[in-house]
Amino acid sequence: MSYDLDLGAHLTYSLRYHPILNTKYRRGVLTEERTQFIHEVISGFTDNYSVELTNLDGEDDHAHILFRAKPITDLVKFINTVKGAIACRIRNEYADELKTELWRDSFWDDSYCLISTEQVSLDMLKQYVENQRE
């Protein structure tokens, strides 16, 4: 097995993560335009958290985010900050369009899935998505 390794002053590491964020009530509100908007919001936080965004994709009711991190990255803080910033900015930008699908200040479901990419398999992702729909 070959790894794409990152180097620090006194360490070698490979930290890749894959959070999956579900929209509140699994509403199908993520369009291609909104996904691109989310990408821009996340990109604004990457330097502050020592993160490199490598991919963002998903379907209309959830987003898959792939990023590289450093050992100093506070994952929970990064993900919660990003979720809050996206929710605030997307609700401001698309308020009229979202008011019939989502109400109050909610955009994301409170929970999320976080998988290290070495553990990611297509079967795991399918299982997670199916469990969330039940």
Side-chain angles (χ1 to χ4, degrees):
M1 181 179 294
S2 172
Y3 290 98
D4 181 16
L5 300 173
D6 296 312
L7 301 173
H10 301 284
L11 75 148
T12 302
Y13 59 96
S14 176
L15 300 173
R16 273 78 169 159
Y17 296 98
H18 179 184
I20 304 168
L21 308 179
N22 298 317
T23 58
K24 191 74 169 184
Y25 315 114
R26 294 295 296 232
R27 301 284 190 199
V29 296
L30 293 178
T31 62
E32 188 174 324
E33 177 185 348
R34 292 181 190 147
T35 302
Q36 180 59 39
F37 185 79
I38 289 169
H39 187 284
E40 293 168 14
V41 172
I42 294 172
S43 295
F45 289 92
T46 56
D47 288 343
N48 293 342
Y49 287 91
S50 301
V51 166
E52 178 189 340
L53 182 63
T54 57
N55 196 18
L56 175 68
D57 203 358
E59 295 185 23
D60 63 349
D61 62 351
H62 67 277
H64 294 268
I65 304 165
L66 296 172
F67 67 89
R68 298 167 76 140
K70 293 185 177 181
I72 61 169
T73 302
D74 185 341
L75 297 175
V76 173
K77 189 172 182 182
F78 171 69
I79 293 170
N80 287 331
T81 299
V82 163
K83 282 177 67 177
I86 292 168
C88 183
R89 300 247 338 258
I90 209 163
R91 295 200 54 85
N92 287 338
E93 184 74 20
Y94 300 99
D96 291 338
E97 299 168 34
L98 292 173
K99 67 183 173 187
T100 59
E101 296 292 326
L102 299 168
W103 39 94
R104 295 192 298 247
D105 292 330
S106 297
F107 185 78
W108 297 115
D109 189 69
D110 292 337
S111 63
Y112 58 88
C113 177
L114 178 62
I115 304 169
S116 62
T117 59
E118 282 72 25
Q119 296 175 356
V120 171
S121 71
L122 187 55
D123 291 335
M124 284 177 69
L125 295 176
K126 287 179 181 177
Q127 178 185 4
Y128 172 76
V129 170
E130 290 304 315
N131 288 342
Q132 291 298 307
R133 291 186 183 188
E134 294 175 357

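Quick note: numbers below take in every heavy atom, side chains included, and nothing from hydrogens, waters or symmetry partners.
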Self-check item: L75/F67 under side-chain contact (heavy atoms from CB on, under 4.5 Å): CA gap, chis, key distance, verdict
Solution: CA-CA 11 Å; L75 297 175; F67 67 89; 3.9 Å; yes
Quiz prompt | Residue Q36 excluded, over 12 heavy atoms near CD under 6.0 Å | solution = yes
Can you check whether [Y]'s main-chain N or O pairs, donor with acceptor, with [X]'s side chain at less than 3.5 Å?
X: T54; Y: L66; answer: yes
X: T46; Y: L53; answer: no
X: K83; Y: L21; answer: no
X: R68; Y: R16; answer: no

Quick check: do [X] and [Y] have side-chain heavy atoms less than 4.5 Å from each other?
X: R26; Y: H62; result: yes
X: E97; Y: R34; result: yes
X: Y17; Y: I115; result: no
X: L30; Y: T23; result: yes
X: V76; Y: Y112; result: yes
X: N55; Y: H18; result: no

Quiz item: Taking it one step at a time, do T81 and Y49 satisfy side-chain contact (heavy atoms from CB on, under 4.5 Å)?
Solution: CA-CA 10 Å; T81 299; Y49 287 91; 3.1 Å; yes
Practice problem: Check whether V82 and I72 end up in the same hydrophobic cluster, where Ile, Leu, Val, Met, Phe, Trp and Tyr are linked by side-chain heavy atoms less than 4.5 Å apart. | Solution: no
Quiz item: Among the clusters formed by ILVMFWY side chains lying less than 4.5 Å apart, do V51 and L7 turn up in the same one?
Solution: no
Which pair of heavy atoms, one from [X] and one from [Y], lies closest together, and at what distance?
X: F107; Y: A87; answer: CB-CB, 3.7 Å
X: R91; Y: S106; answer: NH1-O, 3.2 Å
X: A69; Y: Y13; answer: O-CE1, 3.5 Å
X: L56; Y: I42; answer: CD1-CD1, 4.5 Å

Self-check item: Exercise: do Y25 and E101 side chains pair donor with acceptor under 3.5 Å
Solution: no
Quick one: pull up [atom1] in [X] and [atom2] in [Y] and give me the separation to the nearest 0.5 Å.
X: D57; Y: H64; atom1: CG; atom2: NE2; value: 7.0 Å
X: F78; Y: L114; atom1: CZ; atom2: CG; value: 10.5 Å
X: I79; Y: I65; atom1: CD1; atom2: CD1; value: 7.5 Å
X: E52; Y: S43; atom1: CD; atom2: OG; value: 10.5 Å

Quiz item: Could D6 and K70 be called an ion pair, given the rule that one side-chain N must be under 4.0 Å from one carboxylate O?
Solution: no
Exercise. Give the C-alpha distance, both sets of side-chain angles, the deciding distance and a yes or no for side-chain contact (heavy atoms from CB on, under 4.5 Å) between L15 and T73.
Key: CA-CA 10 Å; L15 300 173; T73 302; over 6 Å; no
Quiz prompt | Derivation and outcome, side-chain contact (heavy atoms from CB on, under 4.5 Å), residues L98 and V29 | solution = CA-CA 7 Å; L98 292 173; V29 296; 3.8 Å; yes
